[in-house]
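Read the structure below first, then the notes.
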Amino acid sequence: MTNVHPLTLAEDILENGQGDRPTNRITEELSELADGVSLIESFSHVVTLDTQDGLVCFDTSGRRSGKAVVSALRGWSSKPVHSIVYTHGHVDHVGGSSVFAADAADRGHPAHRVLGHRALNPRLDRYDYTNGYNLAINMRQFGGAPKGEGMQGSFVPDGTLRVDTDYESVMIDQVGGVTFEHNHAMGETDDHTWTWVPEYRMITAGDLFCWMFPNCGNPQKVQRYPLEWAQALRAMAAKEPDLIVPAHGLPIAGRDRIVSNLDVVASALEQLVADVVDAMNTGATLDDILHTVRVDPAYADSVFLRPQYDEPEFVIHNIWRLYGGWWDGHPARLKPAPDAAIAAEVAGLAGGHQPLVDRAVALAAAGEFRLACELIEWAVRVAPDDREVHEARIEIYQQRRRIETSLMAKGVFQTEVSNSKLALGQQAEARFRINIVTDD
C-alpha cells in the first residue's frame with residue numbers, strides 16, 4: 001500500500017524537482033481527489049465522479065487490471081455505474097470494460113451507457129482487422145516475444161464494450177446534477193476525448209497530458225497529430241482548471257501550475273512542428289531534419305517532457321509523414337533494392353561479412369551505435385547462421401538499449417537481442433515483465 005496521496009506526491013515533485021520519483025504508479029489503490037471524485041491508479045487510471053444518478057467512470061483500465069479496478073471502486077461506492085466515458089480507444093483504457101459489465105450484472109444494476117467519440121468504434125474495428133499485427137508490434141514495443149511469437153489471441157479483449165453514445169465535436173452531458181463537457185481532440189489518437197467538469201473546475205485529460213514527452217511519434221503505429229495535440233492543450237488551459245487528472249501519471253491541483261505546465265508541453269510541440277515544417281519548406285530531406293531539429297533546450301528540464309516512452313526524434317518522423325508523405329527524400333529509397341541485396345553488395349566490397357562485424361564492434365566501442373547497428377544488420381543478412389555475427393549483434397544491441405531513454409527504443413532493441421539469442425539456440429530474455437499494451 002502506498003501512503004502518499006497522489007496530489008501530495010505531485011505537488012512535492014513539482015515544488016522540489018524530484019524527477020526520479022514515480023509519477024505513473026500502478027497501485028490499484030483508490031484516492032479521493034475531492035468530495036465525490038476518486039482516482040484509481042492503474043494501467044490506465046480510472047477517474048470516477050459520484051452523481052445523484054450513479055457513477056460516471058472515465059476509462060476502465062486494461063484486461064489485466066480491470067478486476068482490481070472494479071474491486072477498488074466497489075470499496076468506495078456500491079452505486080450503479082451510470083456511464084463509462086472512454087477517453088480514447090487504446091485497449092489499456094477500454095479493455096477492462098467487460099469486468100464493469102459483469103459487475104453490473106452480478107449486482108442487478110442496469111447496463112451502463114458507454115460514451116466516446118464516434119471514431120472510437122471504427123478504431124476497435126481496425127484493431128480486429130489487424131489483430132495479428134497489433135499483437136506482434138505491442139510485444140516488440142515492450143521487448144517481448146521475438147519474430148513469430150506472441151501473435152495468438154485477441155488484441156481487443158473479448159467482451160470489450162463498444163460505444164453506444166457518441167458525439168462529433170463537443171457534447172454537453174448532464175448526469176445527476178453534474179455537467180460534463182466532452183471535447184474531441186486529435187493527438188495520440190483521432191478519437192480522443194478530454195472532459196471539462198465545471199462544478200469541480202476539473203479536467204479529465206486521458207493521454208493528452210502525461211508526465212513524459214507526448215506519445216506522438218510511435219514508430220510502429222498509425223498517424224499522430226502533434227499540432228492538434230498542442231491545440232487541445234491550449235483549449236484545456238483556457239478553462240483555467242483547478243484540477244487536472246491524466247490517465248497515466250499523477251493528478252495536479254492549482255490553477256497557475258496546471259496552466260503553466262500545459263503551456264510548456266503545447267509550446268514544445270508547436271516549436272517542433274514549426275521547425276520541421278520550416279525545414280521541409282526549404283527542401284530539406286528527412287535525414288537533414290532528423291539530425292538538425294531539436295526540442296528547444298528551454299523545455300528540456302520539464303518533468304512533462306522527459307523522453308521516457310516516446311521521444312522527439314520519433315515525433316519528427318510523424319510530422320514528416322503527416323505533412324510530407326512516406327518518402328524520405330533520398331532518391332535511392334524511392335524504389336530501393338532489397339535489404340539483403342544491399343547487404344550482399346556491401347559485404348562483397350568489404351571482403352566478406354567479417355570486416356562488417358569487426359567494424360560494427362569497433363564503432364559500438366566508440367559509442368557510434370547508429371553506424372554500428374547498420375553494419376551489423378548488413379552482416380546478419382549476409383550470414384544469418386553465423387554464430388559470431390549473432391554474438392556481436394547481441395552485444396551491440398544490449399549496449400545500445402542501455403543508453404536509450406525511451407521505452408519504445410529499448411523494446412525494439414531488446415527484441416533483436418532475443419532474436420539473435422534464439423538464432424544461437426539460447427533462451428530469449430524477457431526484459432519487460434509487464435506486457436501491457438499502452439497504445440494502439
Tell me whether [X] contacts the main-chain N or O of [Y] through its side chain, where contact means a donor paired with an acceptor under 3.5 Å.
| X | Y | answer |
| --- | --- | --- |
| T195 | F180 | no |
| H330 | A332 | yes |
| R118 | D166 | no |
| D310 | G217 | yes |
| N131 | G153 | yes |
| W320 | W327 | yes |
| R393 | E416 | yes |
| S61 | S44 | yes |
| N134 | F155 | no |
| S420 | V417 | no |

Subject >> Option passing side-chain contact (heavy atoms from CB on, under 4.5 Å) with L250 (candidates L7, N24, L9, L39) >> reply: L9
Say you draw a straight line from [atom1] of [X] to [atom2] of [Y]; how long is it, rounded to the nearest 0.5 Å?
| X | Y | atom1 | atom2 | answer |
| --- | --- | --- | --- | --- |
| C373 | Q399 | SG | CD | 9.5 Å |
| M139 | T415 | CE | OG1 | 8.5 Å |
| M186 | L208 | CE | CG | 11.5 Å |
| I84 | L161 | CD1 | CG | 5.5 Å |
| I26 | I40 | CD1 | CD1 | 14.0 Å |
| T282 | M280 | OG1 | CE | 10.0 Å |

Subject >> Minimum side-chain heavy-atom gap L243-L33 below 4.5 Å >> reply: yes
Original post:
P226 versus I319: any side-chain heavy-atom pair under 4.5 Å?
Top reply: yes
Charged N to carboxylate O below 4.0 Å: is that the case for [X] and [Y]?
| X | Y | answer |
| --- | --- | --- |
| K410 | E404 | no |
| D158 | R63 | no |
| D275 | R294 | no |
| E15 | R257 | yes |
| D12 | R21 | yes |
| E374 | R370 | no |
| D128 | R123 | no |

Any idea how [X] and [Y] line up, ring-wise: parallel (<30°), tilted (30 to 60°), or perpendicular (>60°)?
| X | Y | result |
| --- | --- | --- |
| H182 | Y167 | tilted |
| F304 | W211 | tilted |
| H117 | H184 | parallel |

In terms of side-chain heavy atoms, does [X] have a donor or acceptor partner in [Y] at a distance below 3.5 Å?
| X | Y | answer |
| --- | --- | --- |
| T285 | D288 | yes |
| D190 | H88 | no |
| T189 | D191 | yes |
| N218 | Q220 | no |
| E188 | N215 | yes |
| Q354 | E388 | yes |
| S97 | T60 | no |

**OP:** Begin from the C-alpha positions of D328 and R321 and carry the test salt bridge (charged side-chain N to carboxylate O under 4.0 Å, His left out) through to its verdict.
**Re:** CA-CA 9 Å; D328 65 2; R321 178 171 63 173; over 6 Å; no
**OP:** Please lay out, stage by stage, how S42 and R64 fare under the test side chain to side chain donor-acceptor pair (under 3.5 Å).
**Re:** CA-CA 10 Å; S42 186; R64 290 183 176 90; over 6 Å; no
Original post:
When N318 is tested against each of Q223, K221, R224 for side chain to side chain donor-acceptor pair (under 3.5 Å), which residue passes?
Top reply: Q223
Original post:
Would you find more than 12 non-hydrogen atoms of other residues, nucleotides or ligands less than 6.0 Å from R113 atom CZ?
Top reply: yes
**OP:** Report the C-alpha distance between H45 and H93 in whole Å, list the side-chain angles of each, state the deciding distance to 0.1 Å, and finish with yes or no for ring pair (Phe, Tyr, Trp, His ring centres under 6.0 Å).
**Re:** CA-CA 8 Å; H45 303 335; H93 296 256; 9.2 Å; no
